[in-house]
2 protein chains.
Amino acid sequence: MIMLDRADRALLEAVQKNNRLTSEELAQTVNLSPTACQRRLKRLREEGVIEADVSIVSPKAVGRSITMIVLVSLERERADIVDRFKAAIRATKEVMIGYYVTGDADFILVITAKDMEDYEAFTRRFFYENHDIKGFKTMVVMDRVKAGFAFPLDL
Amino acid sequence: MIMLDRADRALLEAVQKNNRLTSEELAQTVNLSPTACQRRLKRLREEGVIEADVSIVSPKAVGRSITMIVLVSLERERADIVDRFKAAIRATKEVMIGYYVTGDADFILVITAKDMEDYEAFTRRFFYENHDIKGFKTMVVMDRVKAGFAFPLDL
DNA sequence: CAAACAATGCAAATTTTCTGCGTTGACGTC
DNA sequence: GACGTCAACGCAGAAAATTTGCATTGTTTG
């Protein structure tokens with residue numbers, strides 16, 4: 001595995017919250033020269049430690065006011081069926097997050113929809129027409145208490 | 001609500017995937033001048049349509065190889081208890097995502113841990129010592145099939 | 001129809017990032 | 001302990017990107 005020193009971790013910690021900081025600003029928090037920060041970030045990106053750099057948009061602002069969590073059980077847990085379902089997840093834009101899990105369900109999905117009608121149309125298309133699916137259980141999100149993919153990095 | 005035209009949507013669509021594109025590059029995909037792109041993005045950030053700009057780091061690379069999904073049920077669904085639990089979620093760094101939901105569970109959490117031992121220590125601290133919690137059910141993530149907060153924006 | 005306004009593009013000014021280069025410090029070998 | 005190697009550093013100049021000023025265009029409103 002790639003070795004990360006204290007400075008790398010501090011940089012990651014910072015850009016996980018805000019990746020538009022200038023190298024000058026980063027330099028202050030990390031106690032390094034701007035150039036060094038920049039070179040390290042470049043390396044972290046090349047090595048894949050930083051997987052992506054993205055903007056987070058407000059669901060409300062773009063008319064995606066509803067979020068659902070769906071627990072999905074497949075008919076059989078056979079490799080080809082699982083793989084086929086994974087592909088369906090990746091190809092479906094309404095699915096924001098998809099986890100393949102052990103336990104009560106086989107998959108857990110986070111779905112966005114414009115409204116209930118939109119969600120219902122989605123379920124019909126995505127779930128009912130898929131014969132690999134044994135059943136699914138929907139939970140409506142009332143509050144997104146916390147959301148992010150920021151990992152705690154003990155410095 | 002804020003009005004978004006076709007160009008705004010195209011810009012959001014782009015920066016949701018990659019916010020390090022130069023205005024020049026954006027200009028090409030959006031059919032606008034670099035300056036206009038820049039100004040629109042600035043506005044979108046000021047208005048809160050773009051909530052944040054962050055780097056996504058690889059869980060593996062930082063030694064957070066385990067992800068759990070936890071369904072939590074509270075003893076009682078009373079406002080003060082719910083609020084207290086929300087605060088706990090926000091304050092706990094191991095909780096990456098927290099949703100307050102209707103249905104079988106009250107909360108759904110996505111937790112990261114270095115390893116099983118780390119996770120067990122977390123559950124002891126976070127769940128067993130909290131008397132508001134009636135029970136919780138853990139599901140181990142085997143594969144993060146898809147992850148992101150990118151919304152589909154019909155252009 | 002005219003005034004007001006918002007958005008655009010271009011060009012200049014500013015800021016930020018990138019690159020070349022010489023230096024430093026850690027590590028391994030002789 | 002001396003020497004060579006190598007990776008990371010900081011500085012300074014070069015290159016690139018962003019921001020700002022300004023004139024223009026198109027749309028809405030009275």
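Throughout, a chain's letter reflects where its sequence line sits, starting with A, and its residues are numbered from 1. Quick caveat, the model's predicted, so the values are computed rather than measured.
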Original post:
What pairs meet the side chain to side chain donor-acceptor pair (under 3.5 Å) rule with one or both residues in residues 66-79 of chain B, with sequence neighbours excluded?
Top reply: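 Residue pairs with at least one partner in residues 66-79 of chain B: B:Glu77-B:Tyr100, B:Arg78-B:Asp80.
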
Quick one: list whatever passes side-chain contact (heavy atoms from CB on, under 4.5 Å) with [X], sequence neighbours left out.
X        : value
B:Thr123 : B:Tyr119, B:Glu120, B:Phe127, B:Tyr128, B:Phe136
B:Ala88  : B:Phe126
B:Glu94  : B:Arg64, B:Thr92, B:Ile111, B:Phe122, B:Arg125

Original post:
Just by modelled atom types, is the A:Phe151 backbone N or O under 3.5 Å from a matching donor or acceptor in the B:Lys93 side chain?
Top reply: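 Side chain of B:Lys93 to backbone of A:Phe151, a donor-acceptor pair under 3.5 Å: no, none is there.
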
Original post:
Short question: side chain of A:Thr138, backbone of A:Val70 - any donor-acceptor pair under 3.5 Å?
Top reply: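 Flag not set: sc A:Thr138 to bb A:Val70 has no pair under 3.5 Å.
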
Expressed as a whole number of angstroms, how long is the span from [X]:[atom1] to [N]:[atom2]?
X       : N      : atom1 : atom2 : value
B:Leu21 : C:dT17 : CG    : C1'   : 16 Å
A:Leu26 : C:dT15 : CG    : P     : 18 Å
B:Asp8  : C:dA7  : CG    : C1'   : 11 Å
A:Asp5  : C:dA26 : CG    : P     : 14 Å
B:Leu4  : C:dA7  : CG    : C1'   : 16 Å
A:Met3  : D:dA8  : CE    : C1'   : 16 Å
B:Gln28 : D:dA17 : CD    : P     : 11 Å

Original post:
Judged by modelled atom types alone, do A:Ser55 and B:Gln16 share a side-chain donor-acceptor pair under 3.5 Å?
Top reply: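 On atom types as modelled, these side chains do not qualify, holding no pair under 3.5 Å.
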
Subject >> Any donor-acceptor N or O pair under 3.5 Å, side chains A:Asn19, A:Asp53 >> reply: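 Yes, because at least one side-chain N or O of A:Asn19 sits under 3.5 Å from a partner of the opposite role on A:Asp53.
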
Original post:
Are the aromatic rings of A:Phe85 and A:Phe107 close, with centres under 6.0 Å apart?
Top reply: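 Centroid separation for A:Phe85 and A:Phe107: below 6.0 Å.
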
**OP:** Map B:Ala7 and B:Arg20 onto DNA chain C by nearest heavy atom, then report which one ends up closer to the 5' terminus.
**Re:**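 Here B:Ala7 is the residue nearer the 5' end.
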
Original post:
Does any residue of residues 29-56 of chain A have a heavy atom under 4.0 Å from DNA chain C, and if so, which ones, in number order?
Top reply: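 Here the set is A:Thr35, A:Gln38, A:Arg39.
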
**OP:** Hunt down any stem DNA chain D takes part in, defined as 3 or more consecutive Watson-Crick or G-U pairs whose two distances are each under 3.5 Å.
**Re:**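 Ordered by first number, the stems with DNA chain D (at least 3 consecutive pairs each) read C:1-30 with D:1-30.
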
